[in-house]
Amino acid sequence: MVKHQPLQVYERQLCLSCITGIYGCRWKRYQRSHDDTTKWELLWSLILLFTFCLLLVWFYFWWEAHNDYNEFNWFLYNRSGEWSDGTVPILATTAAGFTYIAFLMVLALCHVALGQQLNLHWLHKIGVSAALLTTVIGVISVNQTWGQEWDVIPISLQATGPFLHIGALAAVTALSWIVAGQVARSEKTMFQVVVLLLYLSVLLGLYMVPLYISSPCIMDPSTLRQRPDVIGHQGAPMLAPENTLWSFQRALQMNVTGLEADVAISVDGVPFLMHDRTLRRTTDVGKVFPDRQMEDASSFNWTDLQQLNAGKWFLKDDPFWTVNALSFREKALIANQSVCSLKQLLRLASYHNSTVVFRLRRPPPEHPRYDSWINDTLQAVQESGVPQSLVMWTPDEHRAQVRQLAPGLIQTSLEKRRLERLHLDGISRLLLRYNQASTQEIGNFSQSNINITLYTINEPWLYSVLWCSGVSSVSSEASHILKKVPYPIWLMRPDEYCLVWVSVDLISFAVVIGIFIFQNYHMIRYRTSGMRSYNPEQIMLSAAAVRRSSRDLNVMKEKLIFSEVGNGVDSVEELYEDNGYDYYSSQGIGQ
C-alpha cells in the first residue's frame, strides 16, 4: 500500500522566476509552460522585435544628429516663438524607451533559450504599443519638419559602418547559441530547416556587408590631404553670443582661418550682423522697444540697434549648456555685447588676416534699401579697408556688376551647380550644407579648382570624414572642439581593412560551428543518458509531452510518481530530473 501526503515545498529557481515573472507576470512555478507559443503571443513577439529595430534606428539617428541640435532648436523657435532646448525631452524619452524595449527583448531571448512559452504581460503590451506609437509619430514629424536631417544616417555610416558591422556580427554570432539549442531540441524537421536557413541567411549577409561599406577613411594615409581650414560660423556661438564682436574674437583665439556671419541691412543702409528675421531671440528689444519686438530686424536704424544688448540673452538661455564653464570676466564681457556691424567684423578680420564669408539677406520690398542693398554692402566692404582677397562674396544678384567694381572678391555660390556654369560666372568657391556634396563630388570640384566649404561641422567624426574626403574648409560652431582634432579619428589602409574583415568573419564562422557541434553533442548525450534510466511508463510520458493536453499530462505524471515509488525509486526528484520536468521535493512519501 502506498502512503502519500500533499507536496508543499518546491525547488527554488530565482533566476527563472525573475525572467518569467518580469516578462509575463508568471512568478509561480505551475504558471510556467514549455508548450508552444500561441499565434497571438507570437504576433506580439514580432511587434516587440519591430519596435526594437525601429527604436534602434531612431536612437542612432538622434545620437548622430548631435551635430545639428542647434539647427533643430532654431526650427522649433521659428514655430513656437520661444527658445528652448527641444532635444532634451526627445533624448530622454528615446533613451528610456530604447532601454525598456531592449530589456524586454533580452527577456524574450532568455525565454526562448530556456524553452519557456512567450507570454507578454498586458502591461508590457501597453508599454510596447506606446513606444511604437510615439516613435512612429516622431519619425513622421521629423520627416515633415526636418527631412534633410535623415541624410546624417548614410553620412555617419561612413564613420561608424566598419565598427557597426563588427558589433552586429558579434551579436548574431552570440545568438547562434539560442538558434543551435532550438534546432537541437526540436523534433520537427521543417522547423529545423526554416530556422537554419533564416539564421544562415542573416549570417551570410553580414559576412558580405563590407563589400557595400564605403568610407573615405579607408584609404592610403600617404594620400591624405592637409587639415581642412575651420571657419567660425557666427563666431564661436558655443562660447559667446552669436554674431557679436566677442564671439568672433573667441573664434580667432581658437585659430580659425575665417569668420562667417549673417548680414541684414538697416533702414539707413548700415549692414549689420543678425541671423533671425526679428531681434527677439538675441537682443533685449522687448525691453527697449516693447512695441517693435515683432518687427523685422531691418526696420530699425543703426542708432536704435546700438541701444540693444546682444549678450544677456546668452547668459539667460544658455543655448549650448556652456555658461557655467565661463569665467567671471567672460560673463562680464558677454553681458556688455551690442549688435555688431559688418564693417566692424571686416576690420577685425583684416587685422588678423582672416577670411570673411557672409550671407546677405535682402530687406522686404517696402524697405527703403530694397534696391540698393548690394551697393550698401559693397560700400561697407570697401570702406572697411579689408583686402578684397579675404572676402567671400555670396549674393547672386548683380554678380557681374560686383565683379567689375570689386574684381578681387572671392566669388562664392550657395548653390551646387554644374562646373561649366561655375566657371562661366567666375565662381571659385562653394558654400554648401554638408549633406549636399558627396565624396566623389568633392573630388571632382577640387580637380576643377573649385574649393568647397561645408557647414555646419561640430562633431569630430564628421570633421574626420570630410577631411578624408578632401574638403578644403568647414564652417563650425564648435571651433574649440575641432581644434583638438589634429588627425582623423581613424584611418585604415584598404588591405588592413580587408584583413580585419576576413579575420572577423572567420572567427565568427568558427565560433558558430563550434556552438552548433557542442549543442548537438550535448543534446545527443542528454537523450542517450535519459533513455537508460527510463522505464516504459517514463518513455510514454516523454512522448506524450509533445502531443497531449496539459491536464492529461498532469494525470500521467501523478500515476508515474506512485508507480516509481512503488518500484523502489529513491526520490521523486530523480524521476523528474530524468524526465526533464520541473519537480516538487517530497516530504513524506514512503511506504
Side-chain angles (χ1 to χ4, degrees), residues 67-71 73-74 83 228-264 271-276 279 281-283 297 305-306 308-323 325-327 329-361 380-381 384 386 390-392 394 412 431 453-459 463 473-484:
N67 182 83
D68 304 314
Y69 282 177
N70 187 55
E71 179 183 288
N73 290 332
W74 190 71
W83 178 266
D229 295 333
V230 177
I231 297 175
H233 180 69
Q234 300 176 349
M238 291 188 180
L239 305 176
E242 63 187 54
N243 285 323
T244 60
L245 204 57
W246 176 241
S247 180
F248 294 111
Q249 290 174 343
R250 289 291 284 142
L252 290 170
Q253 293 174 4
M254 302 302 160
N255 299 325
V256 299
T257 60
L259 302 172
E260 181 184 354
D262 305 283
V263 179
F272 65 97
L273 311 186
M274 186 60 54
H275 179 266
D276 298 358
L279 303 171
R281 182 174 67 91
T282 57
T283 70
L305 291 171
Q306 286 183 304
L308 302 177
N309 185 290
K312 290 183 179 179
W313 72 272
F314 181 84
L315 300 176
K316 177 184 176 182
D317 294 341
D318 195 8
F320 294 96
W321 305 79
T322 55
V323 170
L326 300 177
S327 64
R329 174 180 173 276
E330 290 174 326
K331 292 180 180 179
L333 287 171
I334 289 173
N336 291 321
Q337 292 301 302
S338 58
V339 177
C340 181
S341 68
L342 176 61
K343 190 179 296 185
Q344 290 174 311
L345 171 62
L346 293 174
R347 287 174 178 172
L348 177 66
S350 178
Y351 180 79
H352 291 275
N353 196 33
S354 298
T355 303
V356 175
V357 54
F358 53 85
R359 302 165 182 267
L360 184 59
R361 185 171 67 248
V381 172
S384 67
V386 63
L390 294 180
V391 179
M392 296 171 59
T394 60
T412 306
L431 180 62
T453 300
L454 299 181
Y455 65 89
T456 307
I457 314 303
N458 298 327
E459 291 296 309
Y463 182 67
S473 60
V474 302
S475 177
S476 174
E477 298 169 334
S479 54
H480 61 294
I481 295 177
L482 301 188
K483 179 183 178 181
K484 302 176 183 179

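Bear in mind the structure is a predicted one, so any value in this text is a computation, not a measurement.
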For residues 331-341, which side-chain donor-acceptor pairs fall under 3.5 Å, sequence neighbours excluded?
unit_1	atom_1	unit_2	atom_2	d
Asn336	ND2	Ala332	O	3.2
Gln337	OE1	Trp246	N	3.2
Gln337	NE2	Leu333	O	3.0
Ser341	OG	Gln344	N	3.2
Ser341	OG	Gln344	OE1	3.3

Give, for atom [atom1] of [X] and atom [atom2] of [Y], the distance between the pair rounded to the nearest 0.5 Å.
| X | Y | atom1 | atom2 | result |
| --- | --- | --- | --- | --- |
| Ser475 | Asp229 | OG | CG | 12.0 Å |
| His275 | Thr282 | NE2 | OG1 | 10.0 Å |
| Ile457 | Tyr463 | CD1 | OH | 10.0 Å |
| Phe248 | Leu348 | CZ | CG | 8.5 Å |
| Ser476 | Leu454 | OG | CG | 12.0 Å |

Cut-off 3.5 Å, no hydrogens considered: what does the side-chain donor-acceptor table look like for residues 233-245, sequence neighbours left out?
unit_1	atom_1	unit_2	atom_2	d
His233	ND1	Glu260	OE1	3.1
His233	ND1	Glu260	OE2	3.4
Gln234	NE2	Asp262	OD2	2.9
Glu242	OE2	Arg281	NH2	2.8
Thr244	OG1	Pro241	O	2.6
Thr244	OG1	Ser247	N	3.3

With sequence neighbours excluded, tell me which residues meet side chain to side chain contact (heavy atoms under 4.5 Å, CB included) with [X].
| X | value |
| --- | --- |
| Glu71 | Asp68, Phe75, Trp146, Gln148, Glu149, Arg433 |
| Asn73 | Leu76, Trp83, Asp85, Thr87 |
| Ser384 | Lys343, Leu346, Arg347, Val386 |

Point to revise | ring pair (Phe, Tyr, Trp, His ring centres under 6.0 Å) partners of residues 337-360, not counting sequence neighbours, each pair once | key: Phe358-Trp393
Point to revise | With Tyr69 via ring pair (Phe, Tyr, Trp, His ring centres under 6.0 Å) - residues at least two apart | key: His66
Could I get the full list of side chain to side chain donor-acceptor pair (under 3.5 Å) partners for [X], not counting sequence neighbours?
| X | value |
| --- | --- |
| His480 | none |
| Asn70 | Glu477 |
| Thr453 | Arg429, Ser473 |

Close side-chain approach of [X] and [Y], heavy atoms under 4.5 Å:
| X | Y | answer |
| --- | --- | --- |
| Ile231 | Val256 | no |
| Leu390 | Asn353 | yes |
| Met274 | Thr283 | yes |
| Val356 | Val381 | no |

Review point. Which atom pair, heavy atoms only, marks the closest approach of Ala349 to Leu259?
Key: CB-CD1, 4.4 Å
Study note, to complete from the structure: On a heavy-atom basis, the closest approach of Ala297 and Leu305 is O-CD2, 4.4 Å
**Study point:** Cation-aromatic face contact Arg250/Phe314, 6.0 Å, 45 degrees
**Key:** no
**Study point:** Side-chain donor/acceptor of Asp318 to backbone N/O of Trp321, under 3.5 Å
**Key:** yes
Review point. When you look at Val474 and Leu482, which way does the side-chain contact (heavy atoms from CB on, under 4.5 Å) test go after all the steps?
Key: CA-CA 10 Å; Val474 302; Leu482 301 188; 4.3 Å; yes
